[in-house]
Amino acid sequence: VTGAYFKSLNGYANNYLSLGFSGGIAQRFLDNDPEAFLDGPETFAVQQFSYFDISTGLLWTYFPEEGLNVYAGAAMFHVNEPDLSHFVSSREFFGGEATLPRRYVMHAGGSLPLGDVFRIRPSFQFMTQGPSHEFDIGAMFQMLTSHPLAKKKGEDNSIYLGAFYRKGDAIIAAARLDYQGYYLTMS
C-alpha cells in the first residue's frame, strides 16, 4: 500500500513539498531439503513467515523559472526494522538478532537550462544501511529533440548522456531516451 501527499508551499504553483508512505507484507521461505545443505539437513524453528515493512520519504521541489528546477529529499526504508530470523528465540522479542536495518537515503539535484535545446541535470545520492554506505554524484546532459515550449503530452522527447561516480567503486556511464511519454535508461 502506497500513499503520497503533495502540498504547494506558495501561491505561484512552483514550490512543493511531498510526503510519501509505503507499507507491505513480505514473506520469507526456507527450503529444508537435505540436498540443499552440504552437511545434511538443518533444523530451523520457522520454515516460513511473513512480516510487515514500512517506508517513508519527503521531497521538496522548486521551479523558479521555465526549465530550471531544484529538488532535495530524504527517505527511510524498513522503518520498523523487521525481524528476518528463522529461529524462534530471536523472533520472540522486538529487535532480534536478524533485524533488517533501516536504510537512509538523501538525494538532491536539479535541471539547469543551457540555451533553448540543452540542459544539464546534476544530482547526488547518499545511502546508508547498517555498515554499508554509498555516495553517487554526477550529471546527465539533456538535448531536447522536440520544441522546448511544447506543452502537449507526448512532445517531451529528449536524449540524455551522462556519467556518475560511485565513491571508491566505479564510474558509471548512462544514457536515456524520452519518447512520447516513455523513458528508456541504460547504465
Side-chain angles (χ1 to χ4, degrees), residues 1-7 9 16-62 69-111 121-140 160 162-176 182-187:
V1 176
T2 300
Y5 178 74
F6 300 92
K7 173 70 177 155
L9 299 177
Y16 296 94
L17 193 60
S18 309
L19 176 64
F21 294 96
S22 178
I25 296 174
Q27 189 173 55
R28 304 240 330 174
F29 176 78
L30 183 64
D31 184 4
N32 202 18
D33 183 359
E35 294 178 9
F37 298 93
L38 295 176
D39 297 334
E42 295 287 332
T43 303
F44 295 96
V46 180
Q47 297 295 320
Q48 178 177 342
F49 62 91
S50 299
Y51 61 92
F52 192 66
D53 196 8
I54 302 170
S55 301
T56 186
L58 187 67
L59 177 68
W60 169 74
T61 310
Y62 180 54
N69 72 62
V70 293
Y71 65 87
M76 184 185 340
F77 297 86
H78 318 301
V79 173
N80 55 326
E81 293 186 307
D83 188 348
L84 304 182
S85 176
H86 284 273
F87 297 98
V88 174
S89 62
S90 66
R91 294 178 54 77
E92 290 177 348
F93 61 94
F94 180 75
E97 297 174 12
T99 58
L100 182 58
R102 289 184 184 120
R103 178 166 46 122
Y104 300 97
V105 179
M106 293 181 294
H107 61 95
S111 177
R121 295 180 172 264
S123 64
F124 85 90
Q125 173 179 266
F126 175 74
M127 293 187 292
T128 182
Q129 183 176 21
S132 301
H133 308 287
E134 182 176 314
F135 179 74
D136 303 319
I137 190 166
M140 296 285 278
Y160 301 73
F164 294 85
Y165 171 69
R166 182 181 304 137
K167 184 179 178 197
D169 183 40
I171 294 176
I172 305 158
R176 175 175 156 172
Y182 294 95
Y183 311 110
L184 175 65
T185 305
M186 295 177 285
S187 62

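- Residues Y71 and G110 come closest through the heavy atom pair CE2-N, 3.5 Å.
- Inter-residue side-chain proximity for H107 and L59 is flagged as met; some heavy-atom pair is nearer than 4.5 Å.
- Here the closest heavy-atom approach between residue F6 and residue S18 is recorded as CD2-OG, 3.0 Å.
- The shortest non-hydrogen separation linking G130 to P101 is N-CB, 4.0 Å.
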task: Step by step, work out the side-chain contact (heavy atoms from CB on, under 4.5 Å) result for Y104 and M106.
output: CA-CA 7 Å; Y104 300 97; M106 293 181 294; over 6 Å; no
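- At least one side-chain heavy atom of T56 sits under 4.5 Å from a side-chain heavy atom of L19.
- Annotation: F52, atom CZ; neighbour count of heavy atoms from other residues, nucleotides and ligands within 6.0 Å is above 12.
- Geometric assessment of R121 against the ring of Y160 yields a negative cation-pi assignment under the 6.0 Å and 45° thresholds.
- Only one option out of I171, I137, D136 pairs with R166 in a side chain to side chain contact (heavy atoms under 4.5 Å, CB included); it is D136.
- Under the 4.5 Å side-chain criterion, counting only non-hydrogen atoms from C-beta, V105 is in contact with Q125.
- Relative ring orientation between F126 and H133 is described as parallel, the plane-to-plane angle staying below 30° on a 0-90° scale split at 30° and 60°.
- Within the 3.5 Å criterion, the main-chain N or O of V79 finds a donor-acceptor partner in the side chain of R102.
- The closest side-chain heavy-atom distance from M76 to R103 is not below 4.5 Å.
- Side-chain contact between L58 and L17: present, with at least one pair of heavy atoms (C-beta onward) separated by less than 4.5 Å.
- Here the shortest heavy-atom pairing between I25 and S50 reads CG2-CB, 4.0 Å.
- Across all non-hydrogen atoms, the minimal contact from F164 to G138 is CD2-CA, 3.4 Å.
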message: Run the side-chain contact (heavy atoms from CB on, under 4.5 Å) test on F77 and L100 for me, step by step, so that the C-alpha distance in whole Å, both residues' side-chain angles and the decisive distance to 0.1 Å come before the verdict.
response: CA-CA 10 Å; F77 297 86; L100 182 58; over 6 Å; no
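- Side chains of F135 and F124 form a contact here, defined as non-hydrogen atoms less than 4.5 Å apart.
- The minimum heavy-atom distance linking N80 with I54 is given by the pair OD1-N, 3.2 Å.
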- prompt: When you look at V70 and W60, which way does the side-chain contact (heavy atoms from CB on, under 4.5 Å) test go after all the steps?
  reply: CA-CA 8 Å; V70 293; W60 169 74; 3.7 Å; yes
query: What do the steps show when you test R176 against M140 for side-chain contact (heavy atoms from CB on, under 4.5 Å), and what is the final call?
result: CA-CA 9 Å; R176 175 175 156 172; M140 296 285 278; 4.0 Å; yes
